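Below is one structure, written out as C-alpha cells, with a few remarks after it.
In this text, all values refer to a predicted model and were calculated from it rather than measured experimentally.
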Amino acid sequence: MTAIDLKAVADFFNNQSIGAALGAFAAFALVALTDWRRERRKLKTLRADIEVNLEHARAKLETARRMRALLREQNRVVPAPVLRFNTAFTRQLTAEVLHHLSADQRRSIEGLCYTMDAIDDILAESHLIAQQFTGPLGHAERIASASKLATNWSDIVANLKRLVEMCDYYLAGRFSELVNKQYDAQQYEEP
C-alpha cells in the first residue's frame, strides 16, 4: 500500500459516522457473546441441577429404606419431615433455555419434575400419618395408620429407585428412552 492509500484508509476510519457504526457493531457483538455464554452457563446449571436432584433422590432413598425398616423391624415411627425437591428452580432454568432443548429433553425434564413432585406428595402424606402417632390413637386407628405408612414407604422406595434411573438416563443423554420407557412398578419394589 502506498502512503496515499494509507491516508485514505485513515481518513475513512476517522469519520465520525464510521466510528459510531464500528462502536455500535462492537457493542452488539459483545452483548451477543455475553448472552451466548450466559445461556450456555444456564444449560450447564440445568445439568448440574439434575445431578443434585439425583444425589438428593439417593439420599431420600436411604432415608425411606431406614424409615421402612424402623417401622417393620422395631415397630417405630419417626415423624421427621424430608426436604422437598426444588422442582420450581428446575422448571425456571428449563424455561430460560427452552429454545436450546430438544422436544424429548423438555419432556424428560417435565417427567423428572412430575415424578419428584409426586414423591414429595407421598412423603408429605407419610409425615402427616407419622405425626398421628405422637398423639392418642385407638388400637384400630394405630393399625390402619401403620399399614398405610408401611405402604407409603414401600411406594416411596419404588418411586425413588425409578427416579434415580430416570436421572441416570437424562445425564447419559438418553432422553427418548427416559420418555418412552414403560416403567413397571413391580420392577422397582423391594421386599
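When hydrophobic clusters are built by joining Ile, Leu, Val, Met, Phe, Trp and Tyr residues whose side-chain heavy atoms come closer than 4.5 Å, directly or via intermediates, Leu43 is grouped together with Leu54. Under the 4.5 Å side-chain heavy-atom criterion for grouping Ile, Leu, Val, Met, Phe, Trp and Tyr, Val82 is connected to Phe89 within one hydrophobic cluster. One hydrophobic cluster, built from ILVMFWY side chains closer than 4.5 Å, cannot hold both Leu128 and Leu137; they sit in different ones. Grouping the Ile, Leu, Val, Met, Phe, Trp and Tyr side chains by contacts below 4.5 angstrom, directly or via other members, places Leu46 apart from Tyr114. Linking Ile, Leu, Val, Met, Phe, Trp and Tyr residues whenever their side-chain heavy atoms come within less than 4.5 Å leaves Leu83 and Ile156 in two separate clusters.
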- Query: Would Ile109 and Arg106 count as a side-chain contact (heavy atoms from CB on, under 4.5 Å) if you check the C-alpha gap in whole Å, the side-chain angles of each, and the deciding distance to 0.1 Å?
  - Reply: CA-CA 5 Å; Ile109 293 169; Arg106 290 173 15 199; 5.8 Å; no
- Check against side-chain contact (heavy atoms from CB on, under 4.5 Å), Asn86 and Val52: CA-CA 10 Å; Asn86 190 357; Val52 166; over 6 Å; no
- Query: For Glu189 and Ser154, what are the C-alpha separation, side-chain angles and deciding distance, and is it a side-chain contact (heavy atoms from CB on, under 4.5 Å)?
  - Reply: CA-CA 7 Å; Glu189 291 176 356; Ser154 293; over 6 Å; no
- Go through Lys161 and Glu190 one step at a time and tell me if the side-chain contact (heavy atoms from CB on, under 4.5 Å) criterion holds. CA-CA 10 Å; Lys161 287 175 67 177; Glu190 291 181 357; 3.4 Å; yes
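A pairwise comparison of heavy atoms in Ala130 and Val78 identifies CB-O, 4.1 Å as the closest pair. Considering all non-hydrogen atoms of both residues, Cys113 and Thr87 come closest at O-CG2, 3.8 Å. The nearest pair of heavy atoms linking Ile129 to Ser145 is CG2-O, 3.6 Å. The heavy-atom pair separating Arg142 from Gly135 by the smallest distance is NH2-O, 4.4 Å. Across Tyr170 and Ser108, no two heavy atoms sit closer than the pair CD1-CB, 4.0 Å.
Within the 3.5 Å criterion, the main-chain N or O of Leu171 finds a donor-acceptor partner in the side chain of Arg47. The backbone N or O of Phe85 lies less than 3.5 Å from a partner atom in the side chain of Asp120, making a donor-acceptor pair. A donor-acceptor contact shorter than 3.5 Å is absent between the side chain of Ser147 and the backbone of Ile143. A donor-acceptor contact shorter than 3.5 Å links the side chain of Thr134 to the backbone of Gln131.
Checked against the 6.0 Å centroid criterion, the rings of Tyr169 and Phe175 do not qualify as a close aromatic pair.
With rounding to the nearest 0.5 Å, the separation of OG1 in Thr45 from CD in Glu51 is 11.0 Å. Considering CE of Met166 and CG of Leu178, their distance stands at 4.5 Å, rounded to 0.5 Å. Annotation: the span from Asp155 atom CG to Arg68 atom CZ amounts to 10.5 Å, rounded to 0.5 Å. Remark: Met116 CE to Leu160 CG distance equals 11.0 Å, nearest 0.5 Å. To the nearest 0.5 Å, atom CG of residue Asn159 and atom CG of residue Asp121 are 11.0 Å apart. In this structure, Ile122 CD1 and Glu125 CD are separated by 7.5 Å, a value rounded to the nearest 0.5 Å.
Under the 4.5 Å side-chain criterion, counting only non-hydrogen atoms from C-beta, Leu112 is in contact with Leu163. A 4.5 Å side-chain heavy-atom check between His100 and Gln105 finds every atom pair outside the cut-off. In this structure, the side chains of Lys60 and Leu123 come closer than 4.5 Å at one or more pairs of heavy atoms. The side-chain heavy atoms of Arg72 and Trp153, taken from C-beta on, include no pair separated by under 4.5 Å. In this structure, Ile119 and Thr115 have side chains that are in contact, with non-hydrogen atoms separated by less than 4.5 Å.
For Asn75, the CG atom sits in a loose shell: 12 or fewer heavy atoms of surrounding residues, nucleotides or ligands are nearer than 6.0 Å.
Using modelled atom types and a 3.5 Å distance limit, the side chains of Tyr183 and Glu165 yield no donor-acceptor pair.
Classification of Arg91 and Glu110 as a salt-bridged pair holds, one side-chain N sitting under 4.0 Å from a carboxylate O.
Put simply, the residue from Lys181, Arg174, Arg162, Arg58 that forms a salt bridge (Lys or Arg N to Asp or Glu O under 4.0 Å) with Asp168 is Arg58.
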